[in-house]
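Working notes, structure below.
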Amino acid sequence: MSNKVVIFSAPSGSGKSTVVNHILGLHPEMEFSVSATSRPPRGTERDGVEYYFLTAEEFRRRIEEDAFVEYEQVYTDRYYGTLKSEVERIWAGGHVIIFDVDVKGGVNLKKYFGDAALSVFIKAPSVEALRQRLIGRGTDTPEAIEERVAKAAEELTYEDKFDYVLVNDDLAAAFVHIGHRAILEYLTGPGGFDCTYLIVSPQNPFKDPSKALNARRRFEAACEAAARHPELRVRVDDIELGMDPPNYTIRTLDALKSREPENSFTLVMGADNLEGLPRWRCSRRILSEYEIAVYPRPGYDSAALLEVLREHCRKRHIGCHVTLINAPMVDLSSTRIRKDLARGRDVSALLM
């Protein structure tokens, strides 16, 4: 399957990144192509991860050197494009390239790669549905939303230039399932927390890095899901995306406390994490300095596991601010959903 490419394009708000993220998680033989841009990095963006960041002058020099497969000048000194070196790098690793580009970029890539490319156009069920999704994001002014909708209407005229057209009517699809929702509803219910922070982590130190999905795209998908359910009062936070790995929980807790000293933070975890908690980095500090709330998980005796942990802390003279919460028990996980998707099973009933 080497020297093949798959191109995904869509108007803004159509859920393209979520779909691409699904595919990358299910197909390790595929690799995401990082685009180049002349705009400066935003927030925690890193060179070579979200984009290859070039100056406008360097971008123009590379255009003259024929270094791009395709590029577009959006406006003065603002360029986006696909470097030939990125294509060569991915193919050299024996992977199929997957592109996440705007509509005009997708058309240009299809022309360049010809029969080696499969191009897919993703669109929302309707222009009005697209407008509501953009409103739900809460990141644009009404004027900016209408500009995006007008641009999307123009981009929809390009769909016949693609091999396939996909109508995406569920943006939250694999990242926030009804198990998450049940827990979140409980946490922010009467007498609960003011809000819940959903931390998107680039890599769990205890898990196989080869099975990790693209963190930035997981963050975008989680934001889409949170926007659709404002009643849950969940804040999707990318604080770990700007940290150097490994992503230890103590580093995240300390960073949150430093960033927001006026707030107190409680670590929420499933009972399946209690047994391994003493092996976590700086577990002594986590247990003694932070509150921990534990919700039940099927197959785990929460009370017995907590007693073992408390005994561990007593013997070592460690504080233990751990409490069990009577949240709903849901026999469902993101891992299960990803496995079911890989087996071709219908999981639509499990998703938010």
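Heavy atoms only: backbone and side chains are in, while hydrogens, waters and symmetry mates are out. All residue numbers in this chain count up from 1 along the given sequence. Values in this document were obtained by computation on a predicted structure and should not be read as measured data.
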Any salt bridge between Asp237 and Arg235, counting N to O under 4.0 Å?
yes
Glu50 bridged to Arg39 by N-O distance under 4.0 Å:
no
In sequence, state the C-alpha distance, the side-chain angles, and the governing distance for Tyr290 and Asp254, and then conclude on side chain to side chain donor-acceptor pair (under 3.5 Å).
CA-CA 10 Å; Tyr290 291 95; Asp254 288 347; 2.7 Å; yes
Closest heavy-atom pair and its distance - Ala36, Phe68
CB-CE2, 4.1 Å
Side chain to side chain contact (heavy atoms under 4.5 Å, CB included) for Glu72 and Asp102? Distances and angles first, verdict last.
CA-CA 10 Å; Glu72 181 180 0; Asp102 66 15; 3.1 Å; yes
What are the two closest heavy atoms between Ser201 and Glu240, and how far apart are they?
OG-OE1, 2.7 Å
Heavy-atom pair with the smallest gap, counting every atom of Cys313 and Gly319:
SG-O, 4.1 Å
dist His95:NE2 -> Ile90:CD1 (nearest 0.5 Å) comes out at 9.0 Å
Should Val34 and Ile63 be regarded as members of a common hydrophobic cluster, given that ILVMFWY residues are connected when their side-chain heavy atoms come within less than 4.5 Å of each other, either directly or indirectly?
yes
Tell me whether Glu31 is salt-bridged to Arg89, with the criterion being a basic N under 4.0 Å from an acidic carboxylate O.
yes
With Lys84 as the cation and Tyr112 as the aromatic partner, state whether NZ or CZ is under 6.0 Å from the six-membered ring centre and within 45° of the axis.
no
Any idea which heavy atoms bring Pro11 and Val103 closest together, and the distance?
N-CG2, 4.1 Å
Less than 4.0 angstrom from a charged side-chain N to a carboxylate O is my criterion; do Arg131 and Glu146 meet it?
yes
Between the CG atom in Leu309 and the CG atom in Leu287, the distance rounded to the nearest 0.5 Å is 5.5 Å
What is the distance from atom CG of Leu118 to atom CZ of Phe162, rounded to the nearest 0.5 Å?
11.0 Å
Are Lys151 and Glu154 within salt-bridge range, i.e. N to O under 4.0 Å?
no
If the plane angle is over 60° it's perpendicular, under 30° parallel, otherwise tilted; pick one for Phe59 and Tyr79.
parallel
May I ask you to decide whether Arg60 forms a salt bridge with Glu57, counting only side-chain N to carboxylate O separations under 4.0 Å?
no
Does Asp115 CG have over 12 foreign heavy atoms under 6.0 Å away?
no
Using the ring centroid of each side chain, check whether Phe265 and Tyr197 are separated by less than 6.0 Å.
yes
Give me the atom names and distance for the closest heavy-atom approach of Ile325 to Ala293.
CG2-CB, 4.0 Å
So if you build clusters from Ile, Leu, Val, Met, Phe, Trp, Tyr with side-chain heavy-atom gaps below 4.5 Å, do Ile199 and Leu277 land together?
no
Under-4.0 Å salt bridge between Arg314 and Glu307
yes
Any heavy-atom pair between the side chains of Met30 and Val6 that's under 4.5 Å?
yes
Which pair of heavy atoms, one from Met243 and one from Ala255, lies closest together, and at what distance?
CE-CB, 3.3 Å
